[in-house]
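Hydrogens, waters and symmetry mates play no part in the numbers below; they use all other heavy atoms, side chains included. Every chain is numbered from 1, with letters handed out A, B, ... down the list of sequences.
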There are 2 protein chains.
Amino acid sequence: MQVSKLITLKKILLASTSTLYGETYLAYLLDELRVFFKNVNTITFIPYARPGGISHDDYTAIVAKAFAQINKEVVGLHTFEKPEDAIKNAEAIFTGGGNTFLLVKQLHELRVMDILKTQVENGTPYFGTSAGSNIAGVTMQTTNDMPIVYPPSFKTLGLVNFNINAHYLDPDPNNKHNGESRETRIKEFHCFNTTPVVGLREGSYICIEDEKISLKGPFKARIFKENIPPFESINLQF
Amino acid sequence: MQVSKLITLKKILLASTSTLYGETYLAYLLDELRVFFKNVNTITFIPYARPGGISHDDYTAIVAKAFAQINKEVVGLHTFEKPEDAIKNAEAIFTGGGNTFLLVKQLHELRVMDILKTQVENGTPYFGTSAGSNIAGVTMQTTNDMPIVYPPSFKTLGLVNFNINAHYLDPDPNNKHNGESRETRIKEFHCFNTTPVVGLREGSYICIEDEKISLKGPFKARIFKENIPPFESINLQF
């Protein structure tokens, strides 16, 4: 019974961003990742969000270089003939940032969204940054990204019972631009949806171990719920 | 023959924003609108983008108040039982800003996208701001808005042969945030699409009279085309 419990422990790390200003890729998370992946040798990397349109190979090389610092191997999901099997067999999974529309379209079209959810819920450690964190939410509908491709659905993994707004930015009181603030956009989301939204500032990350969910990093999260003003919190239990 | 030519003259005005910083709604455009709508008594207003989630009635009231200054009547499309007929019979059309996903979803679901395109191409004067300008493009895929609802398609009116990025913002050299700049996002669009994109700064607007297209306002446009660096231009002929 205890062994089965150990195997099925949910283990998820969701970061707002991969990179802090002036730092190298994943640098601020390396100590955390060393512990998070301590029982893992090889991480299966999902490169589909393709930041800046770079190739899957180039993206995987950047990730492999970062993880080499903590002695982990990285293999790109795009190198497998059967991505569904690759996810089933993965020791651990990392989904990198980029464009969330592109990532979600690809996951749906390859029919791996459901299997990814099942595997993570059954204990495969999952790490996401930015778009890779957004997809842990109920839907991708609080992404900041541009709809450069049309996904067959906005539904995502639902590993948590809220949506995530990665790279959350506070409204700028000196702003003279008429484009909507992040806060305004999320309020508009709640005119049509009931799912709570966690605004995750750069440097913040969410840790989930089985049923325990905690917020780490230097900042509180900005919480948006239907019909009430947004507020600051470290409690992500909804 | 000349009369028929007069009737079918295409007449389109597409503004980046409805409102400049510190000004009232449409104030900076009123002189232009007085000329643009000189032969029009009543403007049919499309309120579906619902900025901030306000009601169609409230949105229409704001617009009516602004247009009262130049002695135009405004009637909301949502007040008609048959929106398709209302568009067919409209003297002129104005689509206001808000959320582009919401606007496009509604236009597709009411099955008025095609009829709106036909009417404008046949001479019904069309004025758009922000989301209302975005939909004049080939697709809505260069909107800045959040995907708060799922439209059945990203295709829009195609009144011009490019896409529009309203509220275009230049990259901020002092930015310490890791979220993508507008320029980066549009470059990512061109990894998957060939349509040119016009970055329209606040205060800029596009005037189309039949085949003549011109950029007005104090700024040049930022032009993005596949495979070449973005550049400044007032020429929108592609």
With chain A as the partner, which of [options] has the greatest number of non-hydrogen pairs under 4.5 Å?
options	result
B:Pro51, B:Pro152, B:Ser18, B:Ala166	B:Pro152
B:Val149, B:Thr139, B:Asn163, B:Thr184	B:Val149
B:Arg50, B:His167, B:Met140	B:His167
B:Leu102, B:Asn165, B:Thr100	B:Leu102

Problem set entry | Any donor-acceptor N/O pair, B:Tyr150 side chain to A:Gln141 backbone, under 3.5 Å |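 Such a contact is absent between B:Tyr150 side chain and A:Gln141 backbone.
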Exercise. Quick check: are there more than 12 heavy atoms from other residues, nucleotides or ligands sitting under 6.0 Å from CG of A:Asp114?
Worked result: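 No, the 6.0 Å shell around CG holds no more than 12 heavy atoms from other groups.
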For this session: Please indicate whether A:Ile234 has more than 12 foreign heavy atoms, meaning atoms of other residues, nucleotides or ligands, lying under 6.0 Å from its CD1.
Result: no
Problem set entry | Residue-level contacts of residues 185-193 of chain A with chain B, using a heavy-atom cutoff under 4.5 Å |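 Counting heavy atoms that sit under 4.5 Å from chain B, the residues of residues 185-193 of chain A involved are A:Arg185, A:Ile186, A:Glu188, A:Phe189, A:Cys191, A:Phe192, A:Asn193.
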Problem set entry | For chain B, the option from A:Gly53, A:Ser130, A:Gly22 that forms the most heavy-atom pairs under 4.5 Å | A:Gly53
Exercise. Where does the angle between the aromatic ring planes of B:Phe101 and A:Phe101 fall among parallel (under 30°), tilted (30 to 60°) and perpendicular (over 60°)?
Worked result: parallel
Problem set entry | Any A:Asp145 side-chain heavy atom under 4.5 Å of B:Glu180 side chain |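 Yes, at least one pair of side-chain atoms sits under 4.5 Å.
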For this session: Locate the shortest heavy-atom distance separating B:Met146 from A:Asn144; write the atom from each residue and the value.
Result: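 Smallest interatomic distance, heavy atoms only, reads CE-OD1, 4.0 Å.
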Exercise. Given a strict heavy-atom distance threshold of 4.5 Å, which part of B:Ser16 is in contact with chain A: side chain, backbone, both, or neither?
Worked result: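 Interface part for B:Ser16: neither.
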